[in-house]
Amino acid sequence: MTVRDPALPERVTIWEVGPRDGLQNESALVPTEVKAEFCRRLLAAGLPVVEATSFVHPRWVPQLADAAELLSTLTADLGDAARDLPVLVPNERGLDRALELGCRHVAIFGSATETFAQRNLNRSLEGQLAMFEPTVRRARDAGLEVRAYVSMCFGDPWEGAVPVEQVVAVGRRLLDLGADRLSIGDTIGVGTAAHVTALVEAFGAAGVPVERLAMHFHDTYGQALANAHAALRAGVTTLDASAGGLGGCPYAHSATGNLATEDLVWLLEGLGIEHGVDLDALVATSTWMAAHLGRPSPSAVVRALAQSGG
Ligand code: HMG
Ligand code: MG
């Protein structure tokens with residue numbers, strides 16, 4: 001049953017990160033053709049944004065070493081539309097690889113903490129910004145859209161709780177470099193609802209309107225859906241999620257699955273918020289992917305709907 005809450009947005013964009021954030025963390029290498037099929041099925045299920053892969057160093061993330069091959073396969077299948085699928089690029093080398101394939105939408109990914117900047121990017125907090133500066137400038141000059149992730153926005157496994165002001169300061173600098181929007185990441189899933197509200201408000205106080213913020217939750221402590229609801233209440237209209245709850249981060253070992261897209265869709269559906277996704281097609285896709293990966297999806301909604309036959 002749908003019960004509309006007038007305090008919440010009427011429409012939400014789900015930014016699907018399963019093929020990137022989900023598959024980057026799999027111990028087994030997933031064949032390129034299976035990844036391409038995953039992306040195609042997600043798009044066919046109505047997901048408006050499907051983040052396809054990352055142009056990172058193949059030694060750092062071997063799971064996504066086939067980024068160019070995947071993009072070429074998708075371009076052969078989907079034509080020009082494949083170029084709108086966002087891809088992660090940490091630096092100019094990554095951007096060059098994305099530009100060679102005609103990508104029109106890239107995402108840089110910074111850290112709110114010093115330790116994770118070192119572990120994830122081999123750079124200091126300042127060093128990451130120096131690496132992003134020419135990357136964003138050249139991407140913008142080439143007419144690309146640029147999203148900027150900020151990781152460890154709630155807590156960091158090495159540094160503990162991360163102050164809100166520290167997150168806002170890093171986010172502001174990424175926007176000042178020329179990024180269009182931020183995605184605020186709870187990389188290890190330790191955040192809780194009022195912390196979400198406080199972060200959105202602190203960005204607002206620093207002159208960053210909620211329209212420029214997306215939220216990216218991991219479900220390590222089972223808080224992702226409650227945090228998504230808090231984000232909606234704070235006016236956020238773009239939420240990242242991963243089909244079937246796949247995911248993690250290879251350089252943050254306490255990061256487990258992302259907020260499952262199905263769980264989010266179930267919530268939005270109940271709240272009468274438009275999202276454009278066909279839940280049955282999505283569950284079928286996650287069930288198919290889980291069979292490839294050899295283990296069931298951790299999403300409660302996938303389990304419930306798959307058991308009830310759809
Ligand atoms: P580095 O070792 O410092 O690289 O790594 P470098 O700049 O010193 O270059 C060394 C060599 O790597 C050079 O080659 C470069 O050309 C090459 P050589 O001259 O020695 O032959 N190289 C590259 N090759 C291919 N693609 C590239 C690239 N860049 C340099 N893009 C680097 C620095 C940033 C490359 C590395 O640390 C890296 O690839 N890190 C990626 C880590 C990653 O992907 N983590 C997961 C994504 S973040 C995440 O999941 C969190 C998120 O979901 C949000 C949340 O949950 O909070 C987004
Ligand atoms: Mg993530």
Side-chain angles (χ1 to χ4, degrees), residues 15-26 51-69 71 86-101 103 106-113 115-124 127-132 134-135 138-139 146-157 162 167 170-171 174 179 181-191 199 213-220 224 227 238-243 245-261:
W15 185 292
E16 171 62 45
V17 296
R20 193 280 302 170
D21 207 349
L23 298 185
Q24 77 181 5
N25 207 43
E26 286 299 318
E51 191 173 88
T53 186
S54 301
F55 288 98
V56 293
H57 197 295
R59 226 180 15 245
W60 284 66
V61 186
Q63 293 87 339
L64 303 185
D66 63 347
E69 206 184 326
L71 252 291
V87 294
L88 263 59
V89 300
N91 55 13
E92 288 190 273
R93 176 82 188 94
L95 176 65
D96 288 337
R97 294 173 60 203
L99 287 173
E100 272 164 34
L101 289 149
C103 296
V106 294
I108 55 167
F109 48 103
S111 170
T113 67
T115 313
F116 191 63
Q118 298 279 2
R119 293 201 174 233
N120 198 42
L121 294 164
N122 202 24
R123 297 290 183 279
S124 64
Q128 65 175 354
L129 295 163
M131 181 167 78
F132 296 145
T135 311
R138 288 187 43 218
V146 181
R147 165 183 254 218
Y149 281 99
V150 190
S151 287
M152 301 300 176
C153 293
F154 293 80
D156 173 296
V162 179
V167 175
V170 171
L174 293 170
R181 289 192 174 78
L182 299 175
S183 172
I184 303 303
D186 185 6
T187 318
I188 57 168
V190 292
L199 259 175
L213 299 180
M215 301 300 267
H216 178 105
F217 296 117
H218 284 254
D219 204 27
T220 323
N227 290 343
T238 301
L239 291 168
D240 298 0
S242 169
L246 289 172
C249 175
Y251 293 98
H253 288 298
S254 40
T256 54
N258 289 71
L259 167 61
T261 314

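Numbers for residues simply follow the sequence, beginning at 1. Remember, it's 1-based here, ligands and their atoms both numbered in the order they're listed. The shown structure was predicted, so the numbers you read here are calculated from the model rather than taken from an experiment.
Against a heavy-atom cut-off of under 4.0 Å, His216 is close to the following atoms of ligand 1: 53 (O), 54 (C), 55 (C), 56 (O). Close contacts between ligand 1 and Val61 involve ligand atoms 43 (C), 44 (O) [criterion: under 4.0 Å to a heavy atom]. If you number the atoms of ligand 1 from 1 as listed, the ones under 4.0 Å from a heavy atom of His218 come out as 56 (O). Residue contact check: Gly94 has heavy atoms under 4.0 Å from atoms 31 (N) of ligand 1. Those atoms of ligand 1 with a heavy atom of Val56 less than 4.0 angstrom away are 25 (C), 26 (N), 27 (C), 31 (N), 39 (O), 41 (C), 44 (O). Of all the atoms in ligand 1, the ones that sit under 4.0 Å from a non-hydrogen atom of Thr187 are 55 (C), 56 (O), 57 (O). Under a 4.0 Å criterion applied to the non-hydrogen atoms of Asp21, ligand 1 contributes the atoms 50 (O), 53 (O).
Take the N/O/S atoms of Asp21: the one nearest the Mg ion (ligand 2) is OD2.
Under 4.0 angstrom from ligand 1, there are no non-hydrogen atoms of Glu51.
One option in Ala148, Ala67, Pro90, Ala65 has a heavy atom closer to atom 34 (C) of ligand 1 than any other, and that option is Pro90. Atom 48 (S) of ligand 1 has its nearest heavy-atom neighbour, among Asp186, Asn120, Asp240, in Asn120. Among Asn122, Leu121, Asn258, the residue whose heavy atom lies closest to atom 32 (C) of ligand 1 is Leu121. Counting only non-hydrogen atoms, the option in His57, Arg123, Arg93 that gets closest to atom 8 (O) of ligand 1 is Arg123.
Geometrically, ligand 1 and Leu88 share no nitrogen or oxygen pair separated by less than 3.5 Å.
Taking all atoms of both residues into account, the shortest heavy-atom contact from Ala98 to Val106 is CB-CG1, 4.2 Å.
With sequence neighbours left out, Asp66 forms a side-chain hydrogen bond (donor to acceptor under 3.5 Å, both in side chains) with Thr32, Lys35.
How far OG1 of Thr261 is from CG of Asp240: 9.5 Å, rounded to the nearest 0.5 Å. Summarising the geometry, atom CE belonging to Met215 is positioned 10.5 Å from atom CG belonging to Leu182; distances are rounded to the nearest 0.5 Å. For the atom pair CD1 of Ile108 and CG of Leu129, the computed distance is 8.0 Å after rounding to the nearest 0.5 Å.
Crowding of Arg181 atom CZ: a count of heavy atoms from other residues, nucleotides or ligands under 6.0 Å not exceeding 12.
Relative to the six-membered ring of Trp15, Arg147 meets both conditions, a distance below 6.0 Å and an angle of at most 45° to the axis. Under a cutoff of 6.0 Å and an axis angle of 45°, Arg20 and Phe109 do not form a cation-pi pair.
Considering Asn227, Asp186, Thr187, Ile188 in turn, Asp186 is the only one that fulfils the side-chain contact (heavy atoms from CB on, under 4.5 Å) rule with Phe154.
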